[in-house]
Amino acid sequence: MQTQRKIIHIDMDAFYASVEQRDFPEYIGKPIIVGGKPEGRGGVVATASYEARKFGIRSAMPSKKAQQLCPDAIFVYPRFTAYKEASKKIREIFERYTDLIEPLSLDEAFLDVTENKKNITSAIEIAKQIKLAIKEELNLTASAGVSSGKFVAKIASDMNKPDGLTFIAPEKIEEFMERLPVEKFFGVGKVTADKMKGMGIYKGIDLKKMSEEDLVQHFGKSGRFYYKIVRGIDNRQVQPHRETKSMGAEDTFSEDLTTVEAMNQELDKIAEVVVTRLQKYNLKGRTITLKIKYHNFQQITRNHSFNKGIGDIETIINTVKELLIKTNLENKKVRLLGISLSNFGKIKEKLSKIENGQLKLVFD
Ligand code: TTP
Ligand code: MG
């Protein structure tokens with residue numbers, strides 16, 4: 001019999017904002033917004049302290065809007081060097097327990113502690129110790145999710161934030177998934193969640209009623225994944241050496257698109273999702289790729305490369321729309337559109353180059 005895996009997902013609480021509050025005690029207890037300033041053309045919120053979140057402020061929101069919601073909020077520019085330093089120290093704490101660590105961004109990682117360097121049998125105990133070490137040594141708090149698969153561990157870490165520790169026992173996973181609202185499914189963006197709701201799918205239990213073929217027909221490859229995950233099947237390994245090669249989003253439509261206007265509208269929505277993801281992982285890509293799947297399942301991709309990293313929504317939207325118009329759209333019915341960025345290169349530490357109140361990431 002295969003032993004039940006023990007997976008921990010750790011995610012730091014209000015990461016950038018917490019580092020700022022730690023390093024500048026005058027910010028403690030105050031609504032802090034890390035990101036671009038609201039003046040001028042205006043930047044966006046990278047993250048906000050929990051005090052600021054009470055006003056409805058969220059990541060990726062325009063800073064101008066955040067200021068309207070909370071006029072007393074204090075805006076601070078990101079200090080990536082400090083976040084990288086904290087991220088490195090968190091990793092050193094993880095390494096006391098296991099080398100099977102898969103970082104997803106500066107502030108989150110999966111750990112496989114089925115076998116661990118301290119021979120501790122309880123993954124909950126390890127999660128407790130890691131949280132304590134982060135608090136004592138770094139003066140920061142983290143939330144942890146513990147389960148037997150990556151998907152549920154990741155959802156669990158978000159359930160009792162901040163400073164949470166949530167364990168979902170393997171025998172409870174299926175029931176947990178049945179009750180889970182679709183928008184909480186990791187990887188299901190707002191667009192897909194809305195589409196699911198339009199089909200009467202609100203929770204895992206509704207997804208479970210669909211056949212695998214139906215799910216694939218409506219959601220493409222992801223459909224197969226949903227079919228498995230809702231049944232608690234998640235054997236994906238913790239991959240310590242995974243590198244992000246491309247990042248994007250795509251959507252399969254409930255009705256095929258036949259006009260350029262409709263396609264452009266969908267591209268606007270998909271681009272928004274892509275940009276939010278890029279921001280979260282601090283990435284800019286030199287290559288933008290448009291994927292089109294026609295109603296007969298024939299698929300094409302078109303791409304365009306730049307000599308610098310791209311992460312802004314305008315360039316992405318303009319590029320994919322140009323790529324789209326250059327394809328032959330005559331009598332074509334489109335069932336899926338996707339946008340991805342790749343060719344990330346190394347992000348230089350020169351991150352404080354500020355133009356028009358917005359922070360720019362610079363590539364080597
Ligand atoms: P998150 O873990 O998503 O957010 P968080 O740590 O600030 O808050 P939470 O307690 O809910 O986990 O992202 C980690 C960091 O990544 C965040 O502190 C700032 C950055 N980030 C962006 O720059 N842009 C984004 O859109 C998001 C979501 C995050
Ligand atoms: Mg976090």
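Any value given below was found using the heavy atoms of this structure, including those in side chains, with hydrogens, waters and symmetry copies removed. Remember, it's 1-based here, ligands and their atoms both numbered in the order they're listed.
Note on Glu266 versus Lys269: salt bridge recorded, some NZ/NE/NH1/NH2 to OD/OE distance being below 4.0 Å. At a threshold of 4.0 Å, the pair Lys184-Asp158 does not count as salt-bridged, since none of the basic side-chain nitrogens sits closer than that to a carboxylate oxygen.
By the neighbour-count criterion of 12 heavy atoms within 6.0 Å, atom CD of Glu115 is sparsely surrounded, having that number or fewer from other residues, nucleotides or ligands. Other residues, nucleotides and ligands contribute at most 12 non-hydrogen atoms within 6.0 Å of the NZ atom of Lys203. Atom NZ of Lys65 is surrounded by 12 or fewer heavy atoms from other residues, nucleotides or ligands within 6.0 Å.
A donor and an acceptor atom, one from each side chain of Glu213 and Ser211, are nowhere located under 3.5 Å apart.
To the nearest 0.5 angstrom, Gln299 atom CD is 4.5 Å from Lys291 atom NZ.
For a heavy-atom separation below 4.0 Å, the residues in contact with ligand 1 are Asp11, Met12, Asp13, Ala14, Phe15, Tyr16, Ala46, Thr47, Tyr50, Arg53, Ser59, Asp107, Lys161, Thr276, Gln279, Lys280.
Scored by the ring pair (Phe, Tyr, Trp, His ring centres under 6.0 Å) test, Phe110 finds His9 as partners (sequence neighbours excluded). With sequence neighbours excluded, the residues forming a side chain to side chain contact (heavy atoms under 4.5 Å, CB included) with Thr192 are Val188, Met196, Phe219, Tyr226, Asp251, listed by chain and number.
For the Mg ion (ligand 2), protein N/O/S neighbours under 2.8 Å (waters excluded) are Asp11 OD1, Met12 O, Asp107 OD2.
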